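In this text, all values refer to a predicted model and were calculated from it rather than measured experimentally.
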Amino acid sequence: MTIKPELHESITLRAVTLVERAIQRAIEAGASDIHFQSISRGVVVRYRIDGMLEDGDLVSDQVGRRMINHLKVLSEMDVADRRRPQDGRLFYEYGGRSVDLRMASVDSLYGENLTIRVLDRTASRLSLDQLGMDEAEAQVARNLLRNPHGLVLVTGPTGAGKTTTLYALLEQLNDNGRNLVTVEEPIEYDIDRVNQIAVDRKLGLGFAECLRAVFRHDPDVIMIGEIRDPESAQIAVRAALSGHLVLSSLHTGSTFGAFTTLVQLGVSPYMAANALVGVVAQQLIRKNCQACEESVEITPSMPIPIERAVFDKLVESVPKPRLSAGRGCELCRGTGFRGRTGIFEVLDVSPALREALAARASRSRMEKLATDLGWRRLLHSGFTRVARGITPWEEVLRMVPSQAEYDLAHDWTPELA
C-alpha cells in the first residue's frame, strides 16, 4: 500500500506533536519514565508517576512508529536498526527547566519499544532529612560518614532512589578539606569542588578502568555510582581498606544482602567484613495527597491487611497515633497519593557485627546483634510514617511484603515528629 504524500506529512506532524505532548506531560506530572510500548492495537504511551505506571495516549501503529523514529532521530540513534537494542540521549528545555532524557530502544513481539528516563537536572539535591529519614536514621547515616575510611553501601531495588541518597551523603562530605572523586554512569548532578568522572563504555572505560585511574588523583572520598561486577567490587573493597572512604550502591533488597552480594562478587568474607562500615537499605513509598487526605479513625475492629498483633502493638506503643489516607482528587489524578518519600534501614557495623560477618554467622544472629545496637527494620521505618499520617498501611505493605511477619520479640516504638 502506498501512502499519499499529504497523508504521510499529516501522520508525521501528528507524531511530532504527540511526542512533544508526552514529554511535557511527563515533566509536569513529575514522571520518572515514559514508555512507548508496542501492543497488538498500536502503541500506548505510559508514564511512571510516583512509582506506578499510568496509561496515556493509545495511537495507531503508523503514528506510534513515527513517534519512536522521531525520538530516535533526536537522540542520534540508528532509525534503520530496529532489531538491535540502542541507547541515546536528549536535552530538553521546558518551562525554565533543563531535563535530561535517556532513551533506550528494544524490539518486542509487536514492534519496537522505547523507554525514556526523565532526569530533571534543575531539581535541587536533597539533604538526608529531605530524603525522608527521621532524625534517628539521619544521625546514624551522619555517623557512618565520620569514618576516615571504609565502605558505605546504599542498597535497594531499581528505582528506590539509591543515587539520590548517594548524592545526599556526598554533600555531607563536601568541604574544602577533602578531595572528592566520583565515577558515575551517567553523571546526574553537577557538584562544585567534586571531581566527577563519567563511565564511557564505547571508549572501553568501565567502572573498573575509571577506578584504577582515580587512585592517581589523590582522593580522600570516592563515590562509585554502582558496584556491578567482581572487578569493581574488588577495587572498591581494596580502596576502602587502604585509607579511602568509599560510597557506592548495590542492587540488593536488604541490609545484610549487601554483604552477601559482595561475597558473591568474589570478595572474601574477611575482606568484605573489614571494609564494610555501614549500609543504608531503602525503598520508596507513596505519600498521601495533602489536598484530599482524611483522618482514619483507629478502632480495634478496623480491617487492616497486617497481623492483628502488630497493629495492636502499634496502638499500645504510640500515645496519639494518627492514621490518614487520600480519598482521591484532581491533583493526585484520583489515586489518593502525591509524591514519594523514603523508608530506611541504616546500619552502623559494630566490631561484634564485623566478627559475625567475617565468620558467616546466620542472618538471625546478625539481625539480633544489630537490633541490640538500635538498628530498625524497613517495616519499622514504614510504621513510623503510618503513625505520622504520611502514608497508609497498604502502601507500606505493598513495598515491604516480605517483612509483614514482623518479629514481635523485639520491642519498638515509632517516634512521632
Side-chain angles (χ1 to χ4, degrees), residues 1-123 157-159 163 185-188 198-203 333-335:
M1 175 180 177
T2 303
I3 300 177
K4 296 180 180 180
E6 59 270 22
L7 182 57
H8 176 86
E9 292 177 4
S10 175
I11 292 173
T12 301
L13 180 61
R14 175 167 167 72
V16 171
T17 302
L18 287 173
V19 165
E20 291 286 319
R21 187 168 77 181
I23 294 173
Q24 292 171 10
R25 177 183 173 185
I27 295 172
E28 291 169 355
S32 60
D33 301 88
I34 313 170
H35 295 256
F36 296 84
Q37 183 178 350
S38 296
I39 61 176
S40 60
R41 294 174 290 133
V43 174
V44 62
V45 184
R46 309 177 77 191
Y47 305 87
R48 188 172 293 280
I49 302 173
D50 293 336
M52 303 294 286
L53 278 175
E54 298 181 11
D55 284 355
D57 294 323
L58 173 62
V59 299
S60 68
D61 187 54
Q62 283 183 337
V63 174
R65 284 203 305 268
R66 299 290 172 83
M67 292 172 71
I68 292 173
N69 284 344
H70 179 60
L71 286 164
K72 291 178 72 174
V73 169
L74 292 177
S75 57
E76 299 182 350
M77 297 161 69
D78 186 354
V79 177
D81 190 351
R82 297 182 181 179
R83 303 288 298 183
R84 184 171 56 91
Q86 297 184 63
D87 296 311
R89 185 175 184 180
L90 170 66
F91 291 100
Y92 191 87
E93 300 286 339
Y94 178 69
R97 298 160 71 179
S98 176
V99 181
D100 190 357
L101 304 177
R102 309 285 170 79
M103 317 256 185
S105 68
V106 66
D107 195 32
S108 69
L109 176 62
Y110 291 106
E112 196 170 17
N113 290 349
L114 189 138
T115 303
I116 304 176
R117 171 60 58 90
V118 183
L119 298 170
D120 187 351
R121 298 179 67 87
T122 60
T158 300
T163 300
E185 185 188 20
I187 295 173
E188 296 192 10
V199 168
D200 191 336
R201 299 188 184 277
K202 293 180 180 178
L203 297 178
R333 305 170 312 284
T335 65

Engineer: Could you measure the distance from the OG1 atom of T115 to the CG atom of L71? Nearest 0.5 Å is fine.
Structural biologist: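 Separation between the atoms: 11.0 Å.
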Engineer: To check you understand the geometry: which heavy-atom pair defines the closest contact between D120 and S98, and what is its length?
Structural biologist: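 That would be OD1-O, 3.5 Å.
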Engineer: Nearest 0.5 Å please: distance from the CZ atom of R89 over to the CG atom of L74.
Structural biologist: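 One gets 15.0 Å once the value is rounded to the nearest 0.5 Å.
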Engineer: For R82 and N69: C-alpha separation, side-chain torsions, deciding distance, then whether side chain to side chain contact (heavy atoms under 4.5 Å, CB included) applies.
Structural biologist: CA-CA 10 Å; R82 297 182 181 179; N69 284 344; 4.0 Å; yes
Engineer: Check S105 against R84 and note the closest heavy-atom contact, atom names and distance.
Structural biologist: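 Scanning both residues completely, I find the closest heavy atoms to be OG-O, 4.4 Å.
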Engineer: Measure the OH-CZ distance between Y47 and R333 for me, rounded to the nearest 0.5 Å.
Structural biologist: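 The OH atom of Y47 sits 11.5 Å away from the CZ atom of R333.
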Engineer: Please determine whether the number of non-hydrogen atoms from other residues, nucleotides or ligands lying under 6.0 Å from atom CZ of R41 exceeds 12.
Structural biologist: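 Atom CZ in R41 is not crowded, with 12 or fewer foreign heavy atoms closer than 6.0 Å.
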Engineer: Would you say CD of E20 has more than 12 non-hydrogen atoms from neighbouring residues, nucleotides or ligands within 6.0 angstrom?
Structural biologist: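 Above 12, so yes.
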Engineer: Which distance, rounded to the nearest 0.5 Å, do you find between the CG of D55 and the NE2 of H35?
Structural biologist: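 NE2 of H35 is found 11.0 Å from CG of D55.
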Engineer: Once rounded to the nearest 0.5 Å, what's the spacing between atom CG of L119 and atom CG of D33?
Structural biologist: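 These two atoms lie 8.5 Å from each other.
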Engineer: Between R48 and S32, do the side chains contain a donor N or O and an acceptor N or O under 3.5 Å apart?
Structural biologist: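 Side-chain D/A pair, S32 to R48: absent.
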Engineer: Considering all heavy atoms of both residues, which atom of M67 and which atom of V45 are nearest to each other, and what is their separation?
Structural biologist: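 M67 and V45 have their closest heavy atoms at CE-CG2, 4.1 Å.
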Engineer: Let's go through D107 and R83 carefully: what are the C-alpha distance in whole Å and the side-chain angles of both, what is the deciding distance for salt bridge (charged side-chain N to carboxylate O under 4.0 Å, His left out) to 0.1 Å, and is it a yes or a no?
Structural biologist: CA-CA 5 Å; D107 195 32; R83 303 288 298 183; 2.9 Å; yes
Engineer: Working note: Y110 + V43, criterion side chain to side chain contact (heavy atoms under 4.5 Å, CB included); need CA distance, chi angles, decisive distance, verdict.
Structural biologist: CA-CA 9 Å; Y110 291 106; V43 174; over 6 Å; no
Engineer: Passes salt bridge (charged side-chain N to carboxylate O under 4.0 Å, His left out), D87 versus R102? Steps please.
Structural biologist: CA-CA 7 Å; D87 296 311; R102 309 285 170 79; over 6 Å; no
Engineer: Tell me the closest heavy-atom pair linking S38 and G111, and the distance in Å.
Structural biologist: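 So the two residues come closest at OG-C, 3.6 Å.
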Engineer: What are the two closest non-hydrogen atoms of D78 and K72, and how far apart are they?
Structural biologist: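 Minimum heavy-atom separation between D78 and K72: O-NZ, 3.2 Å.
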Engineer: Passes side chain to side chain contact (heavy atoms under 4.5 Å, CB included), R21 versus D57? Steps please.
Structural biologist: CA-CA 10 Å; R21 187 168 77 181; D57 294 323; 2.7 Å; yes
Engineer: Would you say the side chain of T335 lies within less than 4.5 Å of the side chain of E54, judging by non-hydrogen atoms?
Structural biologist: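 E54 vs T335: side chains touch.
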Engineer: Looking only at heavy atoms, which two atoms of A31 and I49 are closest? And how far apart?
Structural biologist: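 It is CB-CG1, 3.9 Å.
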Engineer: Could you tell me if Y92 and Q24 have a donor-acceptor pair between their side chains, going purely by distance under 3.5 Å?
Structural biologist: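 Yes.
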Engineer: With rounding to the nearest 0.5 angstrom, report the CD to CZ distance, Q37 to R46.
Structural biologist: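 If we round to the nearest 0.5 Å, Q37:CD and R46:CZ are 5.0 Å apart.
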Engineer: Determine, step by step, whether L101 and F91 satisfy the side chain to side chain contact (heavy atoms under 4.5 Å, CB included) criterion, reporting the C-alpha distance in whole Å, the side-chain angles of both residues, the deciding distance to 0.1 Å, and the verdict.
Structural biologist: CA-CA 6 Å; L101 304 177; F91 291 100; over 6 Å; no
Engineer: Give a yes or no on whether the backbone of D81 and the side-chain of Q86 come within a donor-acceptor separation of less than 3.5 Å.
Structural biologist: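 Yes, Q86 side chain to D81 backbone: donor-acceptor pair under 3.5 Å.
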